[in-house]
K.L.:
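Following this message is one structure expressed as structure tokens.
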Amino acid sequence: MHPNPPAWHRRAAELRERIEQANHRYYVLDDPDITDAEYDRLLRELEALEEAHPQLATPDSPTRRVGARAHGGFAEVHHALPMLSLGNAFEQDGQTDRERFREIVEFERRVEQTLDRREPVFSVEPKLDGLAISLRYEQGVFVQGATRGDGETGEDVTANLRTVRAIPLKLRGSGWPDVLEVRGEVIMLRKDFEAFNDYARAHGERPLANPRNGAAGSLRQLDPAVTARRKLSFFAYAVGMVEGGELPPTHSQTLARLREWGFPVSPEADVARGFDGLIAYYRRIGAKRDSLPYDIDGVVYKLDDYAGQRAMGFVSRAPRWAIAHKFPAQEQSTVVEAIEIQIGRTGAATPVARLQPVQVAGVTVTNATLHNADQIARLDVRVGDTVIVRRAGDVIPEVVRVQTEHRAPGAQPWTMPATCPVCGSALMREEGEAAWRCTGGLVCPAQRKEALIHFASRRAMDIEGLGERFVDALVELDYVRTPADLYDLTVERFVAMKQAIDEREGTTPETVKAGKIATKWAENLVAGIDASRRTTLPRFLYALGIMHIGESTARTLATWLGSLAMVRSTPAPVLRVLPDIGDEVASSIAGFFAQEGNQRVVDALLAAGIAFADEAPPSPRLREKLGLAVLLDHAKVPKLGPKSTRLLVEHFPTLERLLAAGPAHWITAGLPQAAAANLEAFLAEEANLAPLREAEAAMRRLLDALPQQTAQRAPLEGQTVVLTGTLPTLGRDEAKQRLEALGAKVAGSVSKKTSFVVAGEAAGSKLDKAQELGVPVWDEARLLALLAEHGG
DNA sequence: ATACCTCGAGTTCG
DNA sequence: CTCGAGGTAT
């Protein structure tokens, strides 16, 4: 080495240290001290220096993380000390922990008996779901890395492992042995997996199936540059061969030592004593599982002291002193026995896979939605296929992929049937829509049934006691055709019906007692139906099941139009002026009420005594929104833009005056000739004019119904609030209701337009988003104060 | 026209 | 919860 090194040499050393320091902070300490951009800048500067002075480019330089392409596959590496596989323990059925975790009981007992020790101490850690590898360091420098392979012989993936920034190229600190083999897991963090897939999808590349495949596939890339682009991470969990040095006497101390030498070690690694300690750890990690930054499939228990380990020894290739305690699997493979069609309330035909029952994450899964025909085509699911089923983050099972290697030779691709399996009407797909729909409408029993269930549901009419099973029978036995029929039913008829159902199902306890139970049940149901007569306008509008009208739009209609009479008589062009109601939604509403049958059902419901506690005059704010201009706007006459429209209605504020004036006067008032000609032609058609007249009449009705003096402004008018987490005293629904009573809009997700977020206990991503966007965050106490202030 | 942002609809099991 | 699509702001 130079006695007095030149400046570039010192700078290179400085850069290397800074870069490795950054890696260490990021991967080992989980506390980054520079940005990614800064990191890249340092790396590029070092690259430039090394290019100018080739003598600098030593193999342990961070710039050498991406090396040359391997040709013709990977060399074999023989593990001097075999890489072990662990015995697995799964949760079993049982009442007590000792029954459920029988295999752990036995494991622990075996250790106690062999070593004649009570409550042995174990080193415990999460079992990462990635790829096991071994890293060899000579004189503190990373020289070779290999996959586990069969445990005896793996593949040399040194070049690829160099690209993994979490793997130190040089050990830190001191006291490491001359030769050290470190074992651990290469994984892909969930966020890196998501980012990769977002990128892949955006660029038409094949996304990765899961983070584990991401890690495994990336390491086996022949071109290290490809591996480098996929961000991999690494956690060390064991030591293999050691020469010319010593390790501490226990595993937990060794992990601490590895951390000092610069390896990332899972922060969840811990020690536990005895069976109870192991189970407590299993539960603790299980509860954290979803919030960890990586996938795990269980926890690993290792007897902590090496002397004990040696005394226990091995059974075939698995150590007797360690065991993997697996969580119930999140993914399972099973067989698709059939693909059936379900018809929803709107007629949407949803294919559902009937599966051979399989345990996934603790529950038996027999059905999984396939969403739509496109999804089936994408996955290419066929009847008889073996598929991987997952219960992802939430609860709903989904088919992840098909194991095509297990496909029976004659399996045919699945196609959407031409007709509805329930009513036989044609299935049709709207242009550009994903869903096929049954065209049977309310002729289709499936749709009638779903419509009724929706009508009775908690957020709609809230009829207690009207469950799905019973609605099924009501519809099939044809006791109920429309929701209005529900209100004609009496206790006697219900009892008779219940008997008919029981008979049909073959369970007929013809006893007096059964009759009494049936009567009691029918009385409750009739009481439930009766109670639903007193409802609110938004609930009722929602209950009708008009396409595109959910709770939110139902509320919009109710607050702006005030009464059912107004809602049912307002034509589409006028509805369109309400917030969040565009062409599609407006014509869906007007279309619903244009059908005589629907109007009859509404009348029948009113006749049955449905009453609203909250009807009111239309909102005074309508005054600003209504006018001939919105009607002309809606007509979309060619060449008649907003400017021309404004000009016209200034001179001719009513349809009558506009017609009376005629094109000559329009042009005098300043309307361009082309627009005038188009408008004249438009108005000449009776088919265009009639709806306009009708719409104008509806506007008049609304304006006449407006209250004289303007109501006082609601205190939270125009504010958008988001609730997140659990609100211990109020509860979400209550808080929402009371905020809305004060005029606020309660939204489901945080955006920059959100006025404030109320965060309760265990608030999640919405809270993060709020902080990110700088939206004020309130606690429940502050919300309560606000509500109290306004006399809530 | 495009890019968000919301809302609506559908889904499973205990 | 997730997807698709409608509505609106840019």
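Excluded from the calculations below are hydrogen atoms, water molecules and symmetry mates; all remaining heavy atoms, backbone and side chain alike, are included. The sequence lines fix the lettering, A, B, ..., with proteins before strands; numbering per chain opens at 1.
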K.L.:
Return the nearest nucleotide to the side chain of A:T369; candidates are B:dT11, B:dG8, B:dA9.
P.N.:
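The closest nucleotide is B:dT11.
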
K.L.:
Counting side-chain heavy atoms from C-beta on, which of C:dG7, B:dT12, B:dC13 comes nearest to A:V352?
P.N.:
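Closest nucleotide to the A:V352 side chain: B:dT12.
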
K.L.:
How long is the line joining CG of A:L370 and C1' of B:dG10, in whole Å?
P.N.:
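The distance from CG of A:L370 to C1' of B:dG10 comes to 13 Å, rounded to the nearest Å.
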
K.L.:
State which of B:dC7, B:dC13, B:dG10 makes the closest approach to the side chain of A:S552.
P.N.:
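In terms of side-chain proximity for A:S552, the closest of B:dC7, B:dC13, B:dG10 is B:dC7.
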
K.L.:
Look at A:T553 and B:dG8 and indicate whether a side-chain polar atom (N or O) is within less than 4.0 Å of OP1 or OP2.
P.N.:
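Answer is yes, contact under 4.0 Å.
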
K.L.:
If only side-chain N and O atoms of A:T366 are considered, is one of them under 4.0 Å from the OP1 or OP2 phosphate oxygen of B:dC13?
P.N.:
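Answer yes for this pair, as a side-chain N or O of A:T366 is under 4.0 Å from OP1 or OP2.
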
K.L.:
Given salt bridge (charged side-chain N to carboxylate O under 4.0 Å, His left out), test A:R390 with A:E398 step by step and report yes or no.
P.N.:
CA-CA 5 Å; A:R390 167 170 67 192; A:E398 60 173 349; 3.1 Å; yes

K.L.:
Counting only side-chain heavy atoms from C-beta out, which of B:dG8, C:dT8, C:dG6 sits nearest to A:D580?
P.N.:
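Nucleotide nearest to A:D580's side chain: C:dT8.
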
K.L.:
Expressed as a whole number of angstroms, how long is the span from A:N367:CG to B:dG14:C1'?
P.N.:
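Atom-to-atom, A:N367 to B:dG14, this comes out as 14 Å.
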
K.L.:
Of the nucleotides B:dG8, C:dG7, B:dG14, which has the atom closest to the A:T364 side chain?
P.N.:
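Closest nucleotide to the A:T364 side chain: B:dG14.
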
K.L.:
Which whole-number value in Å describes the distance from A:N372 CG to C:dA5 P?
P.N.:
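To the nearest whole Å, that distance equals 9 Å.
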
K.L.:
Between A:T350 and B:dT11, is there a contact of a side-chain N or O with OP1 or OP2 at under 4.0 Å?
P.N.:
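Yes, within the criterion.
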
K.L.:
Can you tell me the distance, in whole Å, between the CD atom of A:Q342 and the P atom of B:dT12?
P.N.:
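Those two atoms, CD and P, are 5 Å apart.
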
